[in-house]
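Not measured: the values here are computed from a predicted model.
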Amino acid sequence: PTVIAHGLLVASSYSRMLGMFLPGPNSVIQSIKLDMLHPVFLGDIVRFEVVVVRKVESVKAVKLSLAAFNQHDVTVGRGTAQCVFPE
């Protein structure tokens, strides 16, 4: 039996990335949808990818594509998010 990380533990890395780096400092996650596709095992190295899909100037928001890959380039999670910037 191998230890598996809970999907939300793996996905929690998005919170820091979206709030601090992309789309920018102090952005607020308005919505997020995540699908956990494969297990992440103890000792796995996870690489996260965040891509800006669309910028919505009228409401100061961005739509993002999210993906997470293990060290074998297997997609372990994917999803979407929308972030807004406080005034």
Side-chain angles (χ1 to χ4, degrees):
T2 304
V3 177
I4 298 174
H6 191 286
L8 288 179
L9 176 63
V10 175
S12 68
S13 296
Y14 288 117
S15 180
R16 183 165 194 268
M17 280 186 280
L18 300 182
M20 299 296 293
F21 304 108
L22 185 67
N26 300 320
S27 67
V28 176
I29 299 171
Q30 188 175 43
S31 67
I32 191 166
K33 179 190 176 294
L34 297 169
D35 296 316
M36 309 314 178
L37 305 175
H38 292 281
V40 174
F41 298 100
L42 182 66
D44 278 359
I45 297 169
V46 181
R47 174 177 55 88
F48 294 91
E49 183 177 281
V50 179
V51 177
V52 176
V53 175
R54 186 169 59 154
K55 186 175 175 183
V56 185
E57 287 284 343
S58 60
V59 291
K60 296 185 180 178
V62 292
K63 295 195 179 242
L64 306 164
S65 170
L66 311 173
F69 307 89
N70 68 13
Q71 69 273 19
H72 306 293
D73 269 343
V74 173
T75 305
V76 295
R78 70 172 169 231
T80 58
Q82 180 167 309
C83 294
V84 295
F85 296 89
E87 306 238 359

Exercise for the section: To the nearest 0.5 angstrom, please state how far the CZ atom of Arg78 sits from the CD atom of Glu49. Expected result: 12.5 Å
Practice task
For residues Thr80 and Val53, determine if any side-chain heavy atom of one lies less than 4.5 Å from a side-chain heavy atom of the other.
Solution key: no
Handout entry: Over all atoms of both residues, closest heavy-atom pair of Val76 and Pro39
Key = CG1-O, 4.1 Å
Practice task
Nearest 0.5 Å please: distance from the OG atom of Ser27 over to the NZ atom of Lys60.
Solution key: 13.5 Å
Practice task
Only pairs at least two apart or in different chains count here, so list each ring-ring contact (aromatic ring centres under 6.0 Å, His included) that has a residue in residues 26-72.
Solution key: Tyr14-Phe48
Handout entry: Side-chain donor/acceptor of Gln71 to backbone N/O of Ile45, under 3.5 Å
Key = yes
Handout entry: Same apolar cluster (I L V M F W Y, side chains within < 4.5 Å links), Met20/Leu18
Key = no
Fill in the blank from the handout: For Ser15 and Ile29 the tightest heavy-atom approach is CA-CD1, 4.1 Å
Fill in the blank from the handout: Heavy-atom closest pair (Val59 atom, Val84 atom, distance to 0.1 Å) is O-CG1, 4.3 Å
Practice task
Please report the shortest heavy-atom distance between Met36 and Leu8, naming the atom on each side.
Solution key: CE-N, 4.2 Å
Handout entry: Point-to-point distance, once rounded to the nearest 0.5 Å, from SG of Cys83 to CE of Met17
Key = 11.0 Å
Handout entry: Gap between atom CG of Asp44 and atom OG1 of Thr2 - 0.5 Å precision
Key = 9.5 Å
Exercise for the section: Report the distance from atom CG of Leu64 to atom CG of Leu66, rounding to the nearest 0.5 Å. Expected result: 6.0 Å
Practice task
Consider only side-chain heavy atoms of I, L, V, M, F, W and Y, link residues closer than 4.5 Å, and tell whether Ile32 and Val46 are in one cluster.
Solution key: yes
